[in-house]
There are 2 protein chains.
Amino acid sequence: MTKSLAEDIREKLGSCTATERRAALALLANYPVLGLGTVAQFASAAGVSSPTILRFAARMGFSTYAALQTRLRTELEDQLKSPLAKGPESAAEPGVLDFADIACTNISDTFRQLPRTELEAVVALLGDEKRTLYLLGGRFTDALARYMAAHLRILRGRVVHVAGQEGNWRDYLVDMGRKDVLIVFDIRRYQSDLARLSVAAANLGVTIVLVTDSWLSPIASVATHVLPARVSVPSPWDSSAALMVIAETLIAGVTAADPERSKRRISMLEVYRDDDDPKRRSGRTGEVPPKDLADPQA
Amino acid sequence: MTKSLAEDIREKLGSCTATERRAALALLANYPVLGLGTVAQFASAAGVSSPTILRFAARMGFSTYAALQTRLRTELEDQLKSPLAKGPESAAEPGVLDFADIACTNISDTFRQLPRTELEAVVALLGDEKRTLYLLGGRFTDALARYMAAHLRILRGRVVHVAGQEGNWRDYLVDMGRKDVLIVFDIRRYQSDLARLSVAAANLGVTIVLVTDSWLSPIASVATHVLPARVSVPSPWDSSAALMVIAETLIAGVTAADPERSKRRISMLEVYRDDDDPKRRSGRTGEVPPKDLADPQA
DNA sequence: CGCGCCCTGTTCCATTTATTACAGAATTGC
DNA sequence: GCAATTCTGTAATAAATGGAACAGGGCGCG
């Protein structure tokens, strides 16, 4: 998979017959779109007959035309996902800057494809204090559930972080009802335990919000709202940065949805804070500007 | 035809039924490739039935599924022909896009200012298995400490997440020594409890790595390495996205620093995994690509 | 110059695929 | 809580597609 099918075609061009070559050239001319339609379309665009297209596909090493199409599609998918996978030029240093850049691209792409209406619907859901909110995450994404819960708990009551072992999760289920909301974070190497809980919750009529990767966790099939994010980075691990920005966007949305309540609750909780540094230290970088949580600026 | 079908879908999303919406989201999640295959593939990838896909296509104004595919193909063709035809995703709505954009800018800025040498030094520190790693976070950043710990624990031994109440933290102190490392996440509304632990650790000769915001937590004065990040976003809350990318960069760095060990440990732990979906569902988009953790690609 | 081979297109068939009809399930409104 | 309506999946149908066999034609070789 390291080299594009286009290159492959160019190489094998010599071993093609005359009309097959026309087919190949037509495909290369508008690659890969031409190969994504039907054989007949391909054939007429190349000015040859259908069987020639099939023979061409066979010569390229595909046992069936569908196989060629699949190859084309996956290739296109990869290419669209990481716009940096241009030619075969491998950047000398795939190091640190790339990683951050790609994480940024992921976030941009994620939000470009996230429908606003979905976000708004979820924000409305999360802002509704009559619904109990349950947050759940996987091996790594549990941290996100926790992070989001920590914020939401300040903004509203009835926020539950489903933590601990799967065995204990069932205990949460008994309290879930039709009006409640389960927010699940699940990215690839999808965890079947999360799916189990989600399905059980769905059967209870719980509204399920799924934050996942662009391949969609199987939980999508029982979810009411799905927020997919880009997670691929040049590392064996996936990046949850985009997931986190989604979480933060939702938090910001809930905060802004009812500014009065947010302000009130935030300042109330400020009173209880004891972990703030009591003795502000003197002359650091300019001023240390603690964001005044009691006075939302947006 | 001037606007992308993707936008169209996003607009009409409101008038969709629940399952149709899932189809739409699945398509948007990996646009446009998913729409180029067969209906059955689309359906299973979206977790709905075939007729739903057809109904979705109909609601989008296509009399037939083939019409939708044609539209997708021509659009793709145009896009590939003129690479300058950037998505017309203008700033329709300032609210949501701003947030994501600014989060991106934060990340870029953060890494522009992070000295590579610092990163490398910290990576070397974290990769050294002779040192015990302690991770600690604040109210919100505890999730990051947890996230990072979850990864590091796979890559190496002797990783401790300092959790729970401050009172219990002292128990960790007794084990800390001159060779050990404490990674602290602390952003504004800096927490004095974190500072107390850090100072105590510093007095024991522990190497302290601080991940903080650009105004620098007071812990900076006792830290060996400081990694500052941009956290401001248009919300009363701060964004930890840049912190997370820093964490992920470090994780990726440690993974790449000793690929042999990483590979070995990851695959060893894979064996113990029981939470993977045993029955991979059949015909997803191309393939559901679970990143092969046992075979790092970078 | 004529024979034979390989290539190419036409036609047909089998398979896959999109599509429609229907019935069950869920949900909304009263 | 019940009924009407909408929605969604199952199953059957019809169309379109890919694939295979077949026949005509161009080309080189003897």
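Chain identifiers are assigned alphabetically (A, B, ...) following the order of the sequence lines, protein sequences preceding nucleic acid strands; residue numbering begins at 1 within each chain. These numbers were taken from a predicted model, which means no experiment stands behind them.
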State which residues pass side chain to side chain donor-acceptor pair (under 3.5 Å) with A:Thr132; sequence neighbours excluded, sorted by chain then number.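 With sequence neighbours excluded, A:Thr132 shows a side chain to side chain donor-acceptor pair (under 3.5 Å) to A:Arg158, given in chain and number order.
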
Using side chain to side chain donor-acceptor pair (under 3.5 Å) as the criterion, list what pairs up with A:Thr52, not counting sequence neighbours. A:Ser49

Tell me the ring pair (Phe, Tyr, Trp, His ring centres under 6.0 Å) pairs involving residues 147-175 of chain A, sequence neighbours left out?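 Sorted pair list: A:Tyr147-A:His151, A:His151-B:Phe140, A:His151-B:Trp237.
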
Give the first and the last nucleotide of DNA chain D, reading 5' to 3', that has any atom under 4.0 Å from a heavy atom of chain A.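 The footprint of chain A covers D:dT17 to D:dA20.
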
Using a strict heavy-atom distance below 4.0 Å, which residues from residues 51-63 of chain B are in contact with DNA chain D?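 The answer is B:Pro51, B:Thr52, B:Arg55.
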
Residue pairs passing the salt bridge (charged side-chain N to carboxylate O under 4.0 Å, His left out) test with at least one member in residues 176-186 of chain A, sequence neighbours excluded, are none

Under the salt bridge (charged side-chain N to carboxylate O under 4.0 Å, His left out) rule, what pairs show up with a residue in residues 47-67 of chain A, not counting sequence neighbours?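 Non-adjacent pairs meeting salt bridge (charged side-chain N to carboxylate O under 4.0 Å, His left out): A:Glu20-A:Arg59.
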
Between CD of A:Glu77 and CG of B:Leu36, what distance do you get to the nearest 0.5 Å?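 A:Glu77 atom CD to B:Leu36 atom CG measures 10.5 Å (nearest 0.5 Å).
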
What pairs with A:Phe185 under ring-ring contact (aromatic ring centres under 6.0 Å, His included), at least two apart in sequence or on another chain? none

Could I get the full list of salt bridge (Lys or Arg N to Asp or Glu O under 4.0 Å) partners for [X], not counting sequence neighbours?
X	result
A:Asp175	none
B:Arg21	A:Glu118
A:Arg264	none

Does C:dT17 have OP1 or OP2 sitting under 4.0 Å from an N or O in the side chain of B:Ser50? no

Terminal axes of the helix from C:dC1-D:dG30 to C:dC30-D:dG1 (5 end pairs apiece), angle rounded to 10 degrees, sit apart by 30°

Closest-nucleotide ordering on DNA chain C, the 5'-leading residue of A:Ser49 and B:Gln69: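 First, find each residue's nearest nucleotide; the 5'-ward one identifies A:Ser49.
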
Can you check the B:Tyr65 OH to C:dA18 P distance for me, whole Å? 7 Å

Sugar-phosphate only, base, or nothing, as touched by B:Thr19 at under 4.0 Å among non-hydrogen atoms: sugar-phosphate

